[in-house]
Protein chains: 2
Amino acid sequence: MNPSPLPFEPDHNHDRCISEALEQARHLCRERRQRLTPIRELVLRLIWQSHQPLGAYELLPALAEAGFNSAPPTVYRALEFLQSQGLVHRIASLNAFIGCPHPEQSHQGCFLICRSCKSTLELESQPIQQAIRSSAGSLGFTIEQETVEIVGLCPNCQTRPQRDPQ
Amino acid sequence: MNPSPLPFEPDHNHDRCISEALEQARHLCRERRQRLTPIRELVLRLIWQSHQPLGAYELLPALAEAGFNSAPPTVYRALEFLQSQGLVHRIASLNAFIGCPHPEQSHQGCFLICRSCKSTLELESQPIQQAIRSSAGSLGFTIEQETVEIVGLCPNCQTRPQRDPQ
DNA sequence: AATATTTTGTTATAGTGTAACGCAATCTTT
DNA sequence: AAAGATTGCGTTACACTATAACAAAATATT
C-alpha cells in the first residue's frame, strides 16, 4: 500500500488518499477564511472517491441520499467554490471534475486521461509549461488560462484493456 | 493586405482567406472521394467567415436563411463530417468550432484564444508537441488525442482591450 | 432501371449549465 | 446578545449543447 497515489497505479491506499485530501482542504480553507460547508466537503469527498473525472449530474444522487437538496445549482455552486480554491479542476473535454492533488497554490493542470479506465493523472510538467509560455510569449500573447488534456491509454489498459483500476 | 492570415492580425484579406480555405476543402474532398455537399460547404464557409470559434447553434439561423433545414442534427452532422476531414476543429473549452488552416494532414491543434476579441490562432508548435509526447511517453501513456487551448489576451487587445479585429 | 448507400428532414429527448428570487445561516458590529 | 450585513442554500424555471431514432430524399453502384 502506498501512502499517496502513484501514476496510474490502481493499488494505492485510496481511503487514506481521500482523507488526506479532505484534511488538506479543511486546512487550506481555515487558513484562507473560506467556509468548507458540509455540502462543499461532501462534493469534494465524492469527487475524490471516484479518482475519475465526475460529471456534475453524477453527484446529485449522492447529495440527495445525504439529505441535501439535489438540484443542479447546488452542486454547481459547490464545484465553483472548490474550483475557486484550487481543490478541483474541470476537465473541459469531458465536462467533468477531478480532485487536485496539490491545491496549495493556484496552477494550471495538465491531464493525462485514460480513454479505457478513465483514470486521470495531473502532471506538473515544466517542459510543457515552458513550451507553452515560450510559444505564446513569442507571439505577444498573454496567458490567463491553460487547458491541456491528453486522452489516450494508460499503461495498465494497454495490456489489459478491459480492466478498471478503481 | 496579406494573402493569408497572420497571427492576431486583423487586417488581412479575409475574403481571399475564406475562398482559399473553401477551394482547398473542395480539392481535398475530391481527392478523398468525400462529398462536400452544399450544407457542408455552407457550414464551412460560415465558420471561416467568423474567424472566431462559432457555436453550433450560431450556425442555425444562417442555414435557415439559405433555405436549408435548421434543426440541430443538420449542423452537427455537417460539423462531424468537417471534423472527420480535418477541415474544422472543435474548441472544447468554448463548445465551439473553428476552421483549420492546414487540413491536408490530420493533426492535433494547439490554440491561442483571445478572451477579449475571441480571435483564435492555431499553432504548430513542435516544442509543445515534443514536451507532451515526452511527458506521456515517460509514464508509459499512449496519446490518442490532445486538447491544448490557451486563453488569454492577444497583442491587440492588451493595448486596445475593446477592439474586435473581425 | 433496380438496388444499395449516403445524406438530409424531422421529432423528440438527453445532457450540461445558469438566472433569479427568497429564505436561512453565518459573520460583523455594536 | 441584538441588529444589520453578508454569504450560502432551496427552489423554479430556463438556456445552451448535443444526440437517438426513424422516414424521406438524393446520390452512387450494379
Side-chain angles (χ1 to χ4, degrees), chain A residues 25-26 29-44 46-47 50 52-85 87-98 118 147 149, chain B residues 25-26 29-44 46-47 50 52-85 87-98 118 147 149:
Chain A
R26 285 186 212 104
C29 287
R30 206 178 309 126
E31 213 171 51
R32 296 170 182 167
R33 308 274 189 281
Q34 297 290 319
R35 291 162 60 189
L36 189 62
T37 63
I39 289 184
R40 291 168 176 174
E41 186 172 325
L42 174 55
V43 168
L44 183 59
L46 291 169
I47 287 178
S50 118
Q52 301 174 357
L54 215 54
Y57 280 69
E58 299 181 74
L59 294 161
L60 290 177
L63 257 72
E65 253 182 63
F68 294 106
N69 177 34
S70 68
T74 300
V75 69
Y76 278 103
R77 284 168 185 151
L79 289 169
E80 188 183 8
F81 171 83
L82 295 171
Q83 283 182 273
S84 79
Q85 298 305 312
L87 297 166
V88 306
H89 292 291
R90 182 172 185 272
I91 309 290
S93 58
L94 300 178
N95 295 331
F97 301 83
I98 190 159
K118 313 297 183 204
T147 300
E149 300 168 7
Chain B
R26 284 185 214 105
C29 287
R30 207 178 309 127
E31 214 172 51
R32 296 170 183 168
R33 308 271 188 284
Q34 296 292 317
R35 290 161 62 189
L36 190 63
T37 63
I39 290 184
R40 290 167 176 175
E41 186 172 324
L42 174 55
V43 168
L44 183 59
L46 292 169
I47 288 177
S50 118
Q52 301 173 357
L54 215 54
Y57 280 70
E58 299 182 74
L59 294 161
L60 290 177
L63 258 70
E65 253 182 64
F68 294 105
N69 176 34
S70 69
T74 300
V75 68
Y76 278 104
R77 284 168 185 152
L79 289 169
E80 187 182 8
F81 171 82
L82 295 171
Q83 283 182 273
S84 78
Q85 298 304 313
L87 297 165
V88 307
H89 292 290
R90 181 170 186 272
I91 309 291
S93 58
L94 299 178
N95 295 331
F97 301 83
I98 191 159
K118 313 296 183 203
T147 300
E149 300 168 5

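Atom set for the values below is all heavy atoms of this structure, side chains included, hydrogens, waters and symmetry mates excluded. Letters go in sequence order (proteins before strands), and every chain restarts at 1.
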Of the listed nucleotides ([options]), which one gets closest to any side-chain atom of [X]?
{"X": "Arg90(B)", "options": "dT12(D), dT17(D), dG17(C)", "answer": "dT17(D)"}
{"X": "Arg77(B)", "options": "dT19(D), dC27(C), dT10(C)", "answer": "dT10(C)"}
{"X": "Pro73(B)", "options": "dT11(C), dA18(D), dT7(D)", "answer": "dT11(C)"}
{"X": "Tyr57(B)", "options": "dT17(D), dG17(C), dT8(C)", "answer": "dT17(D)"}
{"X": "Tyr76(A)", "options": "dG9(C), dG17(C), dT26(C)", "answer": "dG17(C)"}

Check this one for me: any side-chain N or O of [X] less than 4.0 Å away from OP1 or OP2 of [N]?
{"X": "Thr74(B)", "N": "dG9(C)", "answer": "yes"}
{"X": "Thr37(B)", "N": "dT8(C)", "answer": "yes"}
{"X": "Arg40(B)", "N": "dT8(C)", "answer": "yes"}

To the nearest 0.5 angstrom, please state how far the CG atom of Leu54(A) sits from the CG atom of Leu79(A).
9.0 Å
Out of curiosity, Glu149(A) CD to Glu149(B) CD, how far, rounded to the nearest 0.5 Å?
7.5 Å
Just checking Asn95(B): base, sugar-phosphate only, or nothing, at a heavy-atom cut-off of under 4.0 Å?
sugar-phosphate
Let me know, please, whether Arg35(B) or Ala78(A) comes out on the 5' side of the other along DNA chain D by nearest nucleotide.
Ala78(A)
For side-chain hydrogen bond (donor to acceptor under 3.5 Å, both in side chains), just list the numbers for Gln85(A) and Arg32(A), CA-CA rounded to whole Å, side-chain angles, deciding distance to a tenth of an Å, and then say yes or no.
CA-CA 9 Å; Gln85(A) 298 305 312; Arg32(A) 296 170 182 167; 3.1 Å; yes
Whole Å only: how far is the [atom1] atom of [X] from the [atom2] atom of [N]?
{"X": "Ile39(A)", "N": "dT26(C)", "atom1": "CD1", "atom2": "P", "answer": "12 Å"}
{"X": "Leu36(B)", "N": "dT7(C)", "atom1": "CG", "atom2": "P", "answer": "11 Å"}
{"X": "Phe68(B)", "N": "dT8(C)", "atom1": "CZ", "atom2": "P", "answer": "9 Å"}

